Amino acid sequence: MNLLRFYGDHAREAFGLLGQHLVLVGASTFLAVLIGVPLGVLLTRRPAWRGPVLGLANVFQTIPSLALFGFLIPLPFLGGIGARTAIVALVVYALLPIVRNTYVGISGVDPAVREAGRGMGMTDGQLLTMVEIPLGLGVIFAGVRVATVVGVGTATIAAAIGAGGLGVYIFRGVSTVDDTLILAGALPAAILALIADGLLGLIERRLAR
């Protein structure tokens with residue numbers, strides 16, 4: 001009941017923070033797809049790079065999110081206080097599942113299908129766009145799904161560097177020992193993650209058919 005009363009009294013602020021949260025997750029996931037999918041494709045053409053690239057992405061995943069935000073703040077162009085640094089950090093976290101699933105999805109295409117395409121006179125580019133990506137799209141999208149859900153949760157930490165989002169309520173609630181404030185930020189973030197997972201899961205299943 002206290003939570004409903006809180007939302008009623010702070011509806012404008014709550015919707016504003018939700019909007020900021022969606023922008024952080026949406027922008028970072030979009031950029032991660034733009035970077036991660038081509039990188040995953042490149043790894044299928046340069047198998048020797050797979051270990052170093054995925055290893056580096058794994059290392060970034062092990063860095064605690066708050067520490068990563070702190071490391072990025074002093075960097076020129078990428079760092080600073082605010083949404084830019086948060087988006088860069090969220091992109092770093094989103095890269096591993098997208099790169100890995102793109103690599104797995106494309107490299108998992110049946111070699112006989114590739115040979116059939118080459119036998120029809122397809123170039124490498126045509127084979128990629130007309131055969132490999134369509135067949136691996138379900139696996140690739142599964143990586144985007146994982147990256148999005150992880151991003152929704154990680155974006156709550158962005159409030160610590162002035163990037164806004166639902167984490168503002170969580171940090172404010174922790175500092176004042178107010179359970180209502182903590183729930184006001186944590187509950188919609190959890191619901192948002194469930195909604196994103198459900199919707200993207202439906203799309204993933206359609207693509208995998």
Side-chain angles (χ1 to χ4, degrees), residues 1-36 60-75 77-98 141-206:
M1 193 68 181
N2 288 338
L3 190 58
L4 293 177
R5 188 182 301 115
F6 176 86
Y7 283 135
D9 294 339
H10 302 85
R12 185 172 180 177
E13 182 187 36
F15 277 115
L17 294 177
L18 177 61
Q20 291 173 357
H21 205 89
L22 289 171
V23 168
L24 290 173
V25 176
S28 60
T29 304
F30 178 73
L31 290 173
V33 169
L34 288 183
I35 298 169
F60 282 130
Q61 285 282 333
T62 64
I63 301 175
S65 52
L66 194 56
L68 182 59
F69 288 139
F71 291 146
L72 289 172
I73 287 174
L75 295 181
F77 305 112
L78 296 178
I81 299 296
R84 181 175 58 190
T85 301
I87 289 172
V88 171
L90 291 173
V91 168
V92 169
Y93 281 118
L95 279 177
L96 177 61
I98 294 174
F141 201 82
V144 177
R145 175 187 177 187
V146 171
T148 303
V149 174
V150 169
V152 171
T154 307
T156 57
I157 310 296
I161 58 169
L166 294 168
V168 169
Y169 283 152
I170 296 175
F171 280 97
R172 194 183 297 170
V174 170
S175 64
T176 58
V177 197
D178 188 329
D179 291 343
T180 300
L181 271 172
I182 295 172
L183 282 174
L187 187 60
I191 293 173
L192 188 60
L194 290 173
I195 292 173
D197 185 56
L199 291 177
L200 294 176
L202 287 175
I203 298 173
E204 178 191 334
R205 286 191 288 274
R206 288 182 178 273

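Quick caveat, the model's predicted, so the values are computed rather than measured.
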Inset, instruction - Run the salt-bridge test on R145 and D197 with the 4.0 Å N-O cut-off and return the result as yes or no. - result: yes

Legend entry - Gap separating the CG atom of L68 from the CD1 atom of I161, nearest 0.5 angstrom: 9.0 Å

Between [X] (side chain only) and [Y] (backbone N and O only), is there a donor and an acceptor less than 3.5 Å apart?
| X | Y | value |
| --- | --- | --- |
| T154 | G151 | no |
| H21 | V152 | yes |
| Q61 | Y93 | yes |

Could you pull out the closest heavy-atom pair between [X] and [Y], with the gap in Å?
| X | Y | value |
| --- | --- | --- |
| L24 | A86 | CD2-CB, 4.1 Å |
| F69 | T85 | O-CG2, 4.0 Å |
| A27 | I87 | CB-CD1, 4.0 Å |
| V144 | T29 | CG1-CG2, 4.2 Å |
| V168 | A159 | N-CB, 3.3 Å |
| V174 | I182 | N-CG1, 3.8 Å |

Legend entry - Atom CD1 of I73: over 12 foreign heavy atoms under 6.0 Å: yes

Legend entry - Residue list, ring-ring contact (aromatic ring centres under 6.0 Å, His included) with F141, at least two apart or on another chain: none

Inset, instruction - Please find out if less than 6.0 Å separates the ring center of Y169 from that of F6. - result: yes

Legend entry - Side-chain heavy-atom pair I170, L166 within 4.5 angstrom cut-off: no

Inset, instruction - State, with a plain yes or no, whether a side-chain heavy atom of F171 is found less than 4.5 Å away from one of T156. - result: no

